[in-house]
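Just so you know, these numbers use all the heavy atoms, side chains as well, and skip hydrogens, waters and symmetry mates. Throughout, a chain's letter reflects where its sequence line sits, starting with A, and its residues are numbered from 1.
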Amino acid sequence: MPKELWKGNEAIAEAAVRAGLQAYFGYPITPQTEILEYLSRRMPELVRAFVQAESELGAINMVYGAACAGARVMSSSSSPGMSLMMEGISYIAGTEVPAVLVNVMRGGPGLGNIAPSQSDYNQAVHGGGHGDYPRIVLAPATVQEAIDLMGLSFDLAEKYRMICMLILDGNVGQIMEPAEMPEMQPVANRNFDWATNGAVDRPRRILSSIYINPPDEEATNFRLAKRWLEVQANEVRYREYFLDDAEFVIVGFGTAGRVALSAVRAARAQGIRVGLLRPITVSPFPFQVIDELAVRARVFLVAEMNMGQMYNDVRIAVRGRVPVEFYGRTGGIVPFPDEILAEIHRIAAGRLAAEADPRGAWLARMEAAR
Amino acid sequence: MTTPVPNNVVYDRPEGFTETPTHYCPGCTHGVAHRLVAETLEEMNLIPRTIGVAPVGCAVFAYNYFDTDFVEAPHGRAPAMATGMKRVLPERIVFTYQGDGDLASIGMGEIVHAAARGENITVIFINNANYGMTGGQMAPTTLPGMKTTSSPNGRDVETQGYPIRVAEMLATLDGVGYCVRRSLHDPKNIRLAKKAVRLAFETQVRGLGFSLVELLSTCPTNWGITPVQSLKFVEEHMLPAYPLGDYKVTPSVATIKI
């Protein structure tokens, strides 16, 4: 297929359609509304299900119902809307049915604003709904990557009977860039052997997240954890840039990773041996590759559009062997490459934070610069 | 050895039921409401085509009793789950079974909008004027002055508001094809309720829009009175507050002969 100019939100909507999306349920919220609007035209013309729900609570439970029926289904929202979906996400996870969700993240907490942010990393990767449940979280940095991961997300969700969430900062949702669409896949009747789609010529099935007997619930938690080990072993994805001889390793996902790449290139031109690791799956997190990099790198720098959320995961992988510095912009602000470049200069000059957690020093620098 | 078959069966387990004994308290009318649904599914040959959506509340284990595919919804969200299922399986019959805390309190948004969209689903709504499963707290349907564990001096409408009449309210919506209130307090009313449940499913089978049957029910355990007194309570106190009637029967539904 030729490259076309696509807006991020519309691109992932079309990519989902081409991946055989059977049903979409959503609610308007900036900066993801174009997904809803695009699919409100596209799904009916293909005679597929589209409902603008009364709320994100309604939308996620429509997703839950369609997922139980065995349909390829998704919803999308932005940060405050995702918070509302957390109840349903926990139920979907507990019922072990596949569903795909997209969070086009904006500045928070609370109503926040509508500018790009990565401050829902913890909610997506570590938290959100109640109970112990694993989930796959993918973080594209470009429109093309978002298109490619959209199709993959359905396959992963169905393979592992798990939620697969795409987290895009508002930037990836709103940017327009040339990208190539995949071929249209037909809608497949997957006939899952667990789906509640009517007990015609088979014994009836029940789908629920209720295990009233504690040993049954424990067994369920063990089963989910075992499946997660499989995901961790097989599905970690990341991109490496200039890491072969890197003394300094930047770690950044999504737009922060993309901006950091410009800074890394500029620093390389100045002869600084710096490289970038950009996690694509932030859950499962690329612990292993960071573990290996920590043996040969001198300093890590985590760059994020939040107050240091992925930072904690990088620290776990580095295990105190080398310093892990932090630089973040938050509240809906995207860092410029020059800001990351200045940070690269700082760590290359050995001006590191004195404390174990560098975020206090970072905050002091940010406040002094205001 | 074969089980002796009586030659004059007048009452038996309907095909729509599994053989699981229910967990409901003695004298509770949930069992009657379940039976009306199970009989209806059997009579209409819908058992293999039907998917039920259980609520959170006393009927949380409804999926154990009906011999159809079943899912278990988060509290109040059954109409949204049913929407998702019906939209991807339009040829299947999808029903929710919800109590008054589930439907009229936490799930009010979901039920109103499912009705407004005219989702082609059937809702069996049990109104027993309290939260049964959690031990008898005040529900949106609790009568003024009625004592519950969270209105120990009786529901004071000045501070705790007034009962919600669900059937009347939903009947105002254009997406609704059939919306009625019946009661389960005596055999005559149970027969009328059965006919209403049948019409509700007939509405769905014919694609005539959203259908709901509100059933006035008893809760002897939490009301703190005997089953017989509970039936009397429905007749004397619930019926005046929740008049029985057909609140919305669209002309196309009215022509259905059963």
Task: Heavy-atom pairs under 4.5 Å with chain A, option from B:His113, B:Arg77, B:Glu72 with the top count - done: B:Arg77
- [ ] Using distance alone, with no hydrogens and no angle criterion, decide if A:Ser76 and A:Gln32 have a side-chain donor and acceptor under 3.5 Å apart.
- [x] yes
- [ ] Apply ring-ring contact (aromatic ring centres under 6.0 Å, His included) to A:Trp228 and list each qualifying residue two or more places apart in sequence or on a separate chain.
- [x] none
TODO: Check whether A:Ile212 gets within reach of chain B through its side chain, its backbone, both or neither, counting any heavy atom under 4.5 Å.
DONE: side chain
TODO: Answer with yes or no whether the side chains of A:Glu217 and A:Thr220 bring together a donor and an acceptor at under 3.5 Å.
DONE: no
- [ ] Could you check whether the rings of B:Tyr65 and B:His34 sit parallel, tilted or perpendicular, using 30° and 60° as the cut-offs?
- [x] tilted
Task: Contacts with chain A made by residues 40-58 of chain B (heavy-atom distance under 4.5 Å), listed by residue number - done: B:Pro48, B:Ile51
Open item on the list: Tell me which of these, A:Ser208, A:Ala199, A:Pro203, has more heavy-atom pairs under 4.5 Å with chain B than the rest.
Closed with: A:Ala199
Task: Note, B:Met169 side chain near B:Val112 side chain (heavy atom, < 4.5 Å) - done: yes
Open item on the list: Please tell me whether A:Arg135 and A:Ser283 have a donor and an acceptor in their side chains that are separated by less than 3.5 angstrom.
Closed with: no
Open item on the list: Please classify the contact between A:Val200 and chain B as side chain, backbone, both or neither, with a heavy-atom cut-off of under 4.5 Å.
Closed with: both
Open item on the list: Could you check whether B:Arg35 makes a cation-pi contact with B:Tyr11, meaning its NZ or CZ is under 6.0 Å from the centre of the six-membered ring and within 45° of the ring axis?
Closed with: yes
Task: Heavy-atom contact with chain A under 4.5 Å, split by part of B:Phe61 - done: side chain
Task: Interchain contact, A:Ala59 with chain B, by part (heavy-atom threshold 4.5 Å) - done: neither
Open item on the list: What part of A:Arg202 gets within 4.5 angstrom of chain B, counting heavy atoms only: side chain, backbone, both, or neither?
Closed with: side chain
Task: Distance-only donor-acceptor check, side chains B:Tyr97 and B:His30, under 3.5 Å - done: yes
Task: Plane angle bin for B:Phe95 and B:Phe201 - parallel if under 30°, tilted between 30 and 60°, otherwise perpendicular - done: perpendicular
TODO: Using a cut-off of 6.0 Å, state whether more than 12 heavy atoms not belonging to A:Ile114 lie near its atom CD1.
DONE: no
Task: Side chain / backbone / both / neither for B:Val94 at chain A, heavy atoms under 4.5 Å - done: neither
Task: Side chain, backbone, both or neither of B:Arg87 within contact of chain A (heavy atoms, under 4.5 Å) - done: both
Open item on the list: Can you confirm whether the side chains of B:Thr18 and B:Asp67 place a donor and an acceptor under 3.5 Å from each other?
Closed with: no
- [ ] Against chain B, label A:Tyr91 side chain, backbone, both or neither, depending on which of its atoms sit under 4.5 Å from a heavy atom there.
- [x] side chain
